[in-house]
Every structure is written in C-alpha cells, then in structure tokens.
Amino acid sequence: MQLPDKPTLDGVEDRWAQRWEEAGTFRFDRSHERKTVFSIDTPPPTVSGSLHVGHVFSYTHTDAIARFQRMRGREVFYPMGWDDNGLPTERRVQNHYGVKCDPSLQYDPDYEPPDEPPKRHLSISRRNFVELCGRLVEEDERKFEELWRRLGLSVDWSLTYTTIGDAAQRCSQRAFLRMLARDEAYQSEAPTLWDVDFRTAVAQAELEDREMPGAYHAIRFAHADADGAVVIETTRPELLPACVALVAHPDDERYRALFGTNVLTPLFGVEVPVLAHRLADPEKGTGIAMICTFGDLTDVIWWRELALPTRPILGWDGRMLETAPISLDAAGATDNWAELTGKTVKQAQVRITELLVESGHLVADPKPITHAVKFYERGDRPLEIVTTRQWYFRNGGRDEAVREELLARGRELRWHPEYMRARYESWVGGLNGDWLVSRQRFFGVPVPVWYPLDAAGAPVYDNPLVPDEALLPVDPSSESPTGYAEDQRGEPGGFIGDPDVMDTWATSSLTPEIAGGWEDDPDLFARVFPMDLRPQAHEIIRTWLFSTIVRAHLEFGSLPFTDASISGWVLDPDRKKMSKSKGNVVTPMEHLVKHGSDSVRYWAASGRPGTDTAFDEGQMKVGRRLAIKLLNASKFALGVIGDAPTDRAAITEPLDLAMLAALSDTISDCTKAFEIFDYARSLERAERFFWGFCDDYVELVKNRAYGAAGPEGSDSARAALAIALSAIQRLFAPFMVFVTEEIWSWWQEGSIHRAPWPSTEEVSGLEGDRAVYLVAADVLGEVRKAKSDAKRSIRHAIDVATVVDSADRIDALRSAADDVKEAGRIASLSLTVGDNYLVTVELADDPAA
RNA sequence: GGGCGGUUAGCUCAGGGGUAGAGCACUUCCUCGACACGGAAGGGGUCGGAGGUUCAAAUCCUCUACCGCCCA
C-alpha cells in the first residue's frame, strides 16, 4: 500500500487518460460471444464547429452506463463516430475558407485555399471542395477527441468511424442498392419542399414551423362568362401567375353556385376554374382560396386530387423564372410578367402588390397576420415547393402496413425513460410521405447509380445502372459504370452519373451497421448487432432514432438496438435552451479545467434520464467536494486499515455488521438503478451512503480501529472498513472516473474500471442488525448538536449522556455503546427505555476531561 | 387542436401511501489523531389550486392553472 502524504486531484486527468491508452484498458476484446458483449451505438456528434456542454452532459450518461456494464463483466463495444458528412460541414467550409462549390469547374490538384477568406466566395470544383471539407473535419475531429479523452469517456478509440469515410460510404451505398433491389428505394418526379439558399430538397424530418409575420391580400377575380367578381384572400399574391384554380368547401353556400364556372386571374387574364374541395376552410379569409403550383402542401394535395395543371414560376434559386408557364396574350400580361422575372419571392410580392393596386384588383389594404411557416431547420428563408426528380425510401409514410410494423418496433424497443416512446409514436403516426433522401449537395455519400442516355442524349431514369457491391464505394460523377468508358459520359448512347448525394440521415441511420462492420466484417457484426444500447437526445427521436429503426427493420427484420436511453438538454441557468443564436452556449473545456473532469461528470450524472437540466457550476463544486472527500476518506481509512491483512471472519462487532448491512442495501439499490439505466439514482444512492459512512461510521469506529478496545475490536473494524471502502470506490467508479482510479491504485492491482462491480455477495453473511448503525448515528448526531448548540468543539468531553428510546433501539444501541462513547468522548452513557426518544447531554467543565 | 413531461425550502433538484429531504445560498460554531479545495449545527416549505379514494395523500384518481416540449 502506498499512501500519498497530501492527496491531490491535480493532474489526475492527464495521468490516467494516458495510462488507460497505454494499457488498452477500454480496448474491445472481440473474442467475446454476443451474449457477454454490451454494444453501444454511440451518437456521432456533428463535426461542424465546437462541442458544447450538452454533449458533455449526454455522453457522460452513456459513459457511466458503459463503465457499469464493463465492471459487471460485459465486454463493452463503445466506438466513437464523427458525423462529418452533410450540410453543416459544407457551410462551415464555405465560411472558414471563403469558397463555394461549382460542380462545372475542373479539379485543380494543386489547389490551396487563400490564407484569409475573401469577402466574395471563390468558386472551386466539387472535388476540391470535398477535399477542403475533409481537411477541416480532420482538424475538428482531433479537437473533439482531445475533449472526450479529457472528459474520460471509456471509448475504444481504435473503433472510430466517420460518416464520410470509405467504410460508411460503402455501407450506405450497399444499403441503398439493396433497398433499390427490393423496391424500397425509388425515384419520383414530384413537388418537393425546397430550400432556395441551399438549393436542395428537404425531408419532412428536417422541417420546423416558425411563426412569421404575413398579410392577407384580398384580390378580386372577375368571372369569365358573367358580370361580377369573387374575392379571395392570400398571403402569397406573388404566386398569382401560378394560379390554376380557386377552391371553396363543397358545403359553402356562398360559393356553391360558382363551382364549375371559370374566373380570370388579375394581371394575367388566365381562365381558371372554381372548384370544391373538403380541405378548403370556410373560416379562413373569405372562404375561397386560390390554388397555385405551389404555395404550400395543401396546394399539392389539391393539385393532385383535383388533377390540375402545373404552372411553375419559381426557379431553384428562389427567383421568378424567365419563361412564363402561361399564355401572355391577355392585355398587359407580357408587361406584368416582365415586372416579375428574376425577382426573389419577397421582391415579387412587393411589386405584384403594387401592380394589383394600380389595376384595382386589390380590394383592401393587406391585413397583417402571424402564421406558421415551414422552414428547413438549418435554413433562413421559408421553404418553397418545386417539382424535381428525387430519391425516396419507403418509411411507412405512404403505406399503412409498413407504418404499423414500425410502430410495433417502437413498442418492442425498451425506452428509458419509458414516456419517450410517445414521441416516436406521434411522429410515425403523423408521417405524410416517404423519406426523401437525395440532396443536391456535394459533401455526402453519392447516390450510387448512373443513367443510360438514349440516342438523343436523354437520361433513361427508369433503368438506372448500378455498381457491383464489390466496387463500393463509388462516385458516379467521377467513375463510370461497368461496361462504359469515361469518354461516354454525357454522350448520346452513353451515361451520366446521378449528381446527388444522400441525406446525412440516410447514412447516420446506419451507425449500428457501420460501426459493427456489416458485410465488411461479418464476425464482428455477429458479436455486436443488434446493439444493446442507443443513447441519444430527445430532439432527434424523429430523425436519427426513427430512421435507424427503419433501416434495420427493412434490411434485417429486427430492431437495430434493444434499449434506447434518452438524454435531455442542457439549459442555461435561466432555463433557456442553449443555442448559438442566443449566445448562451457554454464551451466545455474551460469547465473541465476549472472544476476537474470528475466534477463536471458529477454534475452531468446528476441530471435524471430524459430530463432537461440547468447548467450549474454549483453542482460541479459539489462534485469537486465529493472527489476530495473520496481522496481524504480513502487515505484515512487505508491508514487505519494498515498493511496487516484483514479477515472477514474477524468482523464480529454489531456496529460493523450493521454498516455492512446498509452497504448491502446500497449495492443492491445502485445495481438495480443501473440495470434500468438510471445512472442518476445510482449515484445518489452511493453518495448518500458514503456521506453517512464518513460522518458516522468512520467517526464511530476510528478509536476502536486504532486499538482502543483491543485487537479483536480493531480487527473487526479494519476488515469492515476494507470491505466498505473497496465497494464505495467501485460504486463511484462509473462517475468519478479519475479520482476512483487514483485511490484504487493506492492499494489494489489493475484498473478499477476493469474491477468487478460491487455485489451483495461480497457482504453476504455479514449483514447485522441495521438498527445498530441507525441508532448509533442518531445519538452521535444528538451529541454533536448539543456541543454545537453550546458552541463547543466537537471534541469537547461529556460527563454524562442519557438516551431514552424504545426497548428495541436501546438494545441496538447497547451493542455499540462503547463506540458511541469513544466517538462522543462521553464518560458515562445512560440508557433508558421510554416512549419518547430523548438524548440529554452534560458537558464536562474541562473540554479534555 | 391532440399528446408527453414538469410545478416540493430563496436557488437547483431528489422523493412517489405512514414524522417533508439533499446540495447551494444564509446564520452560528469548530483547527478535532482524513479532509479549510474542510467539518458540525441551525433557521427556512400548508409539496401550483380545487375536489375525491383511504385509518393515513407531496405520493393514487378527477378536474383546473401555469411552464416546457412533441405532434398535427
């Protein structure tokens, strides 16, 4: 045993992180069978910028569970992944280097970005752009790894994967091709939600509603074959040239007579029908609406169900097209159209409103309103709807049977906490279409198909050319399909590559398959899949969790993991969600340095599963205090235990046996809590026992342990202390990973993180009457209180202490009377049976008597 | 509009039929053979509100208010 003179927390993080790496403490041993493995489907953090304290929070929860399982004897498969593919990285690269991607440019192998990002972004080729993305994410990933190591995550760093790496691309493309072969992936040319800034399609899962100001514009449409007019109200007058019909509710008496008649659009004089449809809301505006292709998702439904023509007016860049989709024969129509072309939606709205005023078609001033508008969650402007060819995965959004199967998977999965299941169910229940997976972006996994070109040079989309799985990953924009030469690219009779990449979720929904080496390493895959645990935050249940279940269900007919543990958010001290835009984001490293990693972990582990938790430095200080207490209490207890061997058979004192009974209860509580992934409860139980152990038990027995009552009493106390201390250190090991390793190293061989989790077996047969510990602690507390009330030192001697209590408790106390007297410096202890618990104390005149 | 969670001490939160708890903050005291990066003690709450079940409700049930989130 080697005890430091002055124990300290200084430097424990660096010292032990390095030892763990050298010793391979957390290396996954793949020789274990599936049933002894505990595999974790780690969330790959998005590598675009910096980690924030919310990451530290949730990853600490997972790490505590990983360490518990490891100590319980499971071989833990705990990889780290980096989600580097996708838009966040592209955006970061654009800003960091001041560049933008132009796929029409040629690759420059010697390209170097400017030292200072220029104000006006430089256009570079797709391949150069992707290379810059790769360079930047490598830097970010190094910083992330440094932080994770400092935090003490027990990750096996040799298993690290990235979502843009070859293995992930191969996995993602393979899964795509298999879905294509099973007709679970398909193409469709259809109206699609579109972000005009990113110029890409967006999926339902990536939408959010934002309350935005708008205005109802009341616009008069003249009847085509009769006098008079009908007034509609719209928030989007700029879509007037895209109008294909007016619509009212079939039961709406006001408009019934108009159904089947035609009206003329103002400014453009296009004849459109007045139709009936149940989705027209009589309460909204004037109760009659114009249908445009396309203003919103209801327009899409109307367009489809009423079989209306398509009149697109918006380009992919969100500006009004050059070519009108309508005849411009009507008077003034050509001029009016010319006023709009090239304008953004916003500019067009202003101009068309002016034109409507001039022409007298705007019947009232616009009425300002606030309404929910759909945005891409990362976007800055409202989504538009444009018609494009896209790839979709069937996810139950259009198929009731598949939806039911996925709901059944949600019920099969064990959720922690249980109530999070409701989020999954409401999301799956509300799906309104299949999963749109193609993105018109660059830094992602390419859609692995080509299209043959017919004799006229037009792509034959119905007959895509697919690569052999052995050739994956492929990049169709730089590689040619089997049977074609590169010089046939773009030529009639040749081919073109699909220019799109897949949605980042289309790849990250395969993290269990990527990390587990699906098809690349079948032996590994069989040992880790389905995973035992998916830890993640609640905000991505609809995206990551759901999509992962979809993929595993379709590919394997199983869940991708059996348990999901859902972490909450970190809120700022005012209980607001932390976000970059609010400027209240806390960067973790400074707190790891300031308070110590164990202290920050303690704060994180105090957050109950699923519960949003306020960022609280106070709680970190408590963690710091706990770490120091562990240090000092261990040093002291080990000093008392000494180098002489201890023998559990020597534990005969009732107080020692009572303490061990309480320890047994604690071990049992902590274990049960961890088994249901309630790390916070486990920590709280361990902590409660530990403080009582220090305040009461150690105080009660230290004199006896030093030999005040002879060798037998000392041996009993020393052996009990050794058993308890060992268990305490291990109970805290999943949380206070550095300090527990430190104190374990003073007297034990090997890492505490590979030591067995405490078991009630360790104290079996040693559980005495719990009441002895309880009563002794109660009385000692009364004695302390008496001294404190009298403003005397805790060491002040007592002439006589009298305890009145029930017969049972007096009996229990009698068996620990000598320890109570020693700890309280009580000369005479008088025990009386009575109805009302009472402790009275007579302080000695001489404090040291 | 439907659903989920929350409301307990000044603050942050635990507890989930049997005497209201912890930490922080506050007050007072204590250097005592681990611990001043400490320790002890104390003050402080009609457990959001109203009904109900029960010998007994912070806890179970119903309604309700407010906060947050999910979905439409």
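Below, chains carry the letters A, B, ... as their sequence lines are ordered, and counting in each starts from 1.
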**Request:** Report the base-pairing partner of B:G42 (Watson-Crick or G-U wobble, both distances below 3.5 angstrom), or none.
**Result:** B:C26

**Message:** So for A:Q619 and B:A22, does any side-chain atom that can act as donor or acceptor lie under 3.5 Å from a complementary atom in the base?
**Reply:** no

**Item:** Any A:R625 side-chain N or O less than 4.0 Å from OP1/OP2 of B:C24
**Value:** yes

**Phosphate OP1/OP2 of B:G15 contacted by A:R608 side-chain N/O (<4.0 Å)** = yes

**Message:** Using OP1 and OP2 only, check whether a side-chain N or O of A:R423 sits under 4.0 Å from B:C4.
**Reply:** no

**Request:** For B:C4, give its Watson-Crick or G-U wobble partner with both distances under 3.5 Å, or none.
**Result:** B:G68

**Request:** Look through every strand shown and name the nucleotide pairing with B:U53 as Watson-Crick or G-U wobble, where both distances are under 3.5 Å.
**Result:** none

**Message:** If I pick the P atom on B:G6 and the same atom on B:U31, what distance separates them, to the nearest angstrom?
**Reply:** 47 Å

**Prompt:** Within a strict 4.5 Å, meaning less than it, do heavy atoms of the A:V53 and A:W603 side chains meet?
**Reply:** yes

**Prompt:** Which comes earlier along RNA chain B counting from the 5' end, the contact point of A:R542 or that of A:A633, where each point is its nearest nucleotide?
**Reply:** A:A633

**Asked** Would you say B:C32 has OP1 or OP2 under 4.0 Å from some side-chain N or O of A:R825?
**Response** no

**Request:** Return no unless some side-chain N or O of A:K785 is found under 4.0 Å from OP1 or OP2 of B:C29.
**Result:** no

**Asked** Can a side chain N or O of A:K635 be found less than 4.0 Å away from OP1 or OP2 on B:G33?
**Response** no

**Request:** Output the distance between atom CZ (A:R704) and atom CG (A:D818), rounded to the nearest 0.5 Å.
**Result:** 9.0 Å

**Request:** Output yes when at least one side-chain N/O atom of A:Q204 is less than 4.0 Å from OP1 or OP2 of B:C71, else no.
**Result:** no

**Message:** Quick check on B:C30: is either OP1 or OP2 less than 4.0 Å from any side-chain nitrogen or oxygen of A:R795?
**Reply:** no

